[in-house]
Colleague: 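Before anything else, here's the structure in question.
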Amino acid sequence: MKDAVLSAKGLCKSFAHEGGQVHVLSNVDIDIYEGDFTVIMGASGSGKSTMLYSLSGMDRATSGEVIYNGKDIVKMKEKELSELRHGDFGFIFQQMHLVSNLTLFENIAVPGYLNKSKSADEVKARTDMLLEKMNIDGVKTHLPSQVSGGEQQRCAIARAVINEPKLLFADEPTGALNKKNTIDVLDLLTSLNNEGQSILMVTHDVRAALRANRILYIEDGKVIGELTLPPYDRADEKSRETQINSWLSSLEW
Amino acid sequence: MEILTLLKANIKSKKGSFISIMILTLLIVTISAAVMGIRNNMFNAYDYAADNADIGDLTIMIQDKYVTEEILDKLSSTKNVDRTEVFKCVLSDDRKYYSSGEWDGNSYFLRPFDDKLKVYNDDSDGFLDTVPELSDGEIILPYGLRSSVNCRVGDTVTLPFPDKDRVFTIKAFVQEPTMGAEFIGWKYVYISDEDYSKLSSELASYDTDDKTVFVDSIKVFKSDSSMSDIVLQTEINKETNLITLSFGSMQRAQSRNYTTLFTNIITGVMLGFVLVLFVIVLIMIAHGIKSEIELDYQNLGILKSQGVSNKTLNVVIALRYLSAQISAAIIGVIAAIPLEKALSRVFFSNTGILPLNSGAAFESALLILLMLALSTLVIFIMTRKLARISPVKAIIGGKQDVYFSNRLTAPVTKKALMPSIAFRSITSDIKKYVGLILITAMLAFFAVTVNLMSESISSRNSLEAMGSIITDLDVIVTNEAAYDKVPEIEEIINKYTGISKRIFMGGGYVSVDGVQIYSSFYQYDDAISAMIKGRLPKYDNEMLITEIAADELGLEIGDKVKVGRRDKETELVITGFNQSMNDAGISVSIPLKSAKKLGIEHLGYLGFSLKDASEGQKISEELNDTYGDIIEASYWDINEELDQDTTIVAAKAMRLVIYIFSGLFALVSVMMICSKAFSQEKTDIGIYKAIGFTSSRLRRQFAVRYFIVSLIGGAIGSLFGAFFSESLLEVIFRLFGVSKLNTSPNAFTYLSAVAFVSVCVLVFSFIVSRRVKRIDVRELITE
């Protein structure tokens, strides 16, 4: 039995809309396990991104609790959340969201500088290591606007893992990429997961979901299905895809 | 119709910038309309009062023995002289003591009341319908004395005369346009007909060649109004020699200039400041339009795709800014009315002329039209960029990629994370900050200028450099026997402390090549504190002249001039230009050895600078105890005097007003610029929050960024101040009679201006950055 790195209970999120309330998440109970590559799937507007943001503390849930390390993220103050963001959690956005006036190196290093437990030299060394690993060390002094979308997303991944987070959140990280860049990014995430990195990723792309060992399906703000898979192996890709597709079909995907 | 709909929507969505432009325009229009109103009120009031009092185009004050029927006939028949009037006066020339404790060194010309003058009511806000009857022992004073010697109706004033002192009770104050203003050293004062007759007969035997008692005041009216007063004066002297023989004369233009000098300078500086503020508003408009086009690129593109023309968009933006300015201008003009009234009262105490309520409707309207025209020009130049918006580009996602200049890039470091990110934000988009750099530079330049101005008139050294005479101990000779006692007087002083400077002086009017001009007569070179060019006189045929007087008379160093005083005349050589604020800088300085040729034997004022000024009080007491019958000694605490001086207090008040308005402008500018920046940087703020920056850290970074920008602007402004402020001040100070300013700026002069502007920006941008708290990471979510 794996340990849950993050647990949500009775998680609700609603928005005010045209004088009424729209309930995006309704009473979600979920555990995210250490070392897992968990994927959340669902149709557009199902609430999968909202769930990711609520679980990561990027957005505050309307009610319920999200327990991390014995503490409820929902009740955390801004300072505690900030520490979490440049400490135990890492986040990758669909649109990369790099700071446009910082170089790729600086985009990765800045969250590292915020971490008090690491010296500037340690941060620089790890940044160089990540740049090399992400294969973007040749463009490290470039600004985001001067590199390709794939390079930007690899930089965003490196930024997300600069502080060796306990849990890496990714919101449709391949949504804005072409096929080649999508594979590169997914390979990187898989390689990180193989090194022990826990990942929670939202996607509606089956090819991306192939990399997971656990898939949750969400509809109308509720988790209505769960599929557990063995760790990813490129050789099994075809059978995995068939398995996932048939599971999704059963959920009327 | 579509313009109106778009305009309404535009104003609604850009409330912040609409209100900011309104506030800034409101401040500008309020100050300028009030200041122009004050000037009009003052100038019109002066002209009205001078016309009503029939003051004449030239007033000649002359010992009555020179005024013969023959000379008056000559005067009347002089070309361009229309008519003349002569009044008899009695002179009281030494110090006058008031029951308020103050004393006054001005020359008073006592005369029966002039019915053409208006007497102030008790509240000094209007005139009495009937002039109060003067009884024996009562006196009416010009209003300018009320504030300079702090006297009130019912107070007494002791006037010295050759036989004895006489005490008068102040009955009322009068509006006297010829020499009633605070800055003019002569004063007409009015006593009853009976007192005047009695005084004249009692003093009849005391009027001698050495001591003048009876003075005639001759008013001359010119026949050709286009002729300048100075030409009239020269012609009269040529025909009658009256100017050379006189104590002095005052042209109407001079009188108007001296009366309004102070108000003129203060309001002139304020109008200059308003001009700077208006340039700031134009920068704000330009910056606002540039940012709006960037932020609204998509919306503007969509509107264009729907057939809205560039011209329509142009007109909508112009109308929004202009409607903000027009509404602010209307409110500003109304707000200026009470401000103008209140400030006119402040200057009234100095001019002694009750301000009219004529206002400056025409000038204000002209100024507003000019402002609107310039704003329109800027708006149309800036909105030319609208033509470059492509609807297709807008619809597919907006702006083009932005590339950043890396030339000034400094690395982002862990040690200085916030400042280095702040610096990067600036260097990566320097154009965005040009507006604020210009604004802070202008505010800092003005702050440096007013700092220099305030420092120039509030320290002993700088005042001396402008030609002011500053002493610690004054000795006034009241009996000629004192001239033989100077060694003994100095012996008493030396008992307490050393003498660092001897400033023995006298003064009076002389004619220089036929033009009457004030002259200081001095014994020791210590009296010349500010030489600009040339050398001090060595021989008994040499003299100095101020640069302003030399310019007026077309004289140079080395020129020989004919100097006349009463019935004496001699030729003197100009050896140099000195600085003196006497008669607004139009004066000469003649050493005693040269002045002897003009009949000056002794100097009535002995001033001493002491090595230890704190001994001054004791010295003056001993001198008065020992020689009280022949001299009057008094000690001056220069620092205390400087603190109380009206001009210095007013200059300091003006500096405060300028600092306050600069602060207000900095606040509104920062608010407007920062809110645009927030809209542009929402995503970046979201990203920083997502990677672990707290709101307070981001706020500090934001404030530090604008602080750095304002430091750059402030430094540029201060640098300009170092090069140009002195020249600018010399133009202003020339009105006071100072042609060469010798400011001694220190680091504080510049640093305080930079610090003021930068700290204002730092604090205001930190306050405005509260909006960071409201920006959520949700901004980054793509559903």
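Protein chains get the first letters and strands the later ones, always in sequence-line order, with residue 1 at the start of each.
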Colleague: Kindly check if the number of other-residue, nucleotide or ligand heavy atoms within 6.0 Å of CE (Met382(B)) is above 12?
Modeller: yes

Colleague: With chain A as the partner, which of Thr413(B), Val412(B), Leu417(B) has the greatest number of non-hydrogen pairs under 4.5 Å?
Modeller: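 The answer is Val412(B).
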
Colleague: Please determine whether the number of non-hydrogen atoms from other residues, nucleotides or ligands lying under 6.0 Å from atom NZ of Lys222(A) exceeds 12.
Modeller: no

Colleague: Taking C-beta and beyond as the side chain, do Lys689(B) and Arg85(A) meet within less than 4.5 Å on heavy atoms?
Modeller: yes

Colleague: Please find the pair of heavy atoms, one from Lys116(A) and one from Lys414(B), that lie closest to each other, and give the distance.
Modeller: CA-NZ, 4.3 Å

Colleague: Which of residues 105-115 of chain A have a heavy atom under 4.5 Å from any heavy atom of chain B?
Modeller: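 Within residues 105-115 of chain A, the residues that come under 4.5 Å of chain B (heavy atoms only) are Glu106(A), Val110(A), Pro111(A), Gly112(A), Tyr113(A), Leu114(A), Asn115(A).
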
Colleague: If you measure from OG on Ser420(B) to CG on Leu102(A), what distance do you get to the nearest 0.5 Å?
Modeller: 9.0 Å

Colleague: Of the listed residues (Ser695(B), Gly692(B), Ser696(B)), which shares the most heavy-atom pairs with chain A below a 4.5 Å separation?
Modeller: Gly692(B)

Colleague: Would His86(A) and Ile691(B) count as a side-chain contact (heavy atoms from CB on, under 4.5 Å) here? Give the steps.
Modeller: CA-CA 6 Å; His86(A) 63 69; Ile691(B) 60 174; over 6 Å; no

Colleague: For chain B, find which of Gly87(A), Gly57(A), Ser82(A) contributes the most heavy-atom pairs closer than 4.5 angstrom.
Modeller: Ser82(A)

Colleague: Which heavy-atom pair separates Arg424(B) from Thr103(A) by the least distance, and what is that distance?
Modeller: NH1-N, 4.1 Å

Colleague: If you check every heavy atom in residues 154-167 of chain A against those of chain B, which residues fall under 4.5 Å?
Modeller: Arg159(A)

Colleague: Over all heavy atoms of both residues, which pair between Ala690(B) and Met58(A) is shortest? Give the atoms and the distance, please.
Modeller: O-CE, 3.4 Å

Colleague: Which region of Lys77(A), side chain (C-beta onward) or backbone (N, CA, C, O), has a non-hydrogen atom less than 4.5 Å from a non-hydrogen atom of chain B, or is it both or neither?
Modeller: neither

Colleague: Has Asn178(A) got more than 12 heavy atoms of other residues, nucleotides or ligands less than 6.0 Å from its CG?
Modeller: yes

Colleague: If only atom types and distance count, is the side chain of Glu78(A) paired as donor or acceptor with the main-chain N or O of Thr694(B) below 3.5 Å?
Modeller: no

Colleague: Using heavy-atom distances under 4.5 Å, tell me whether Ser119(A) contacts chain B through its side chain, its backbone, both, or neither.
Modeller: backbone

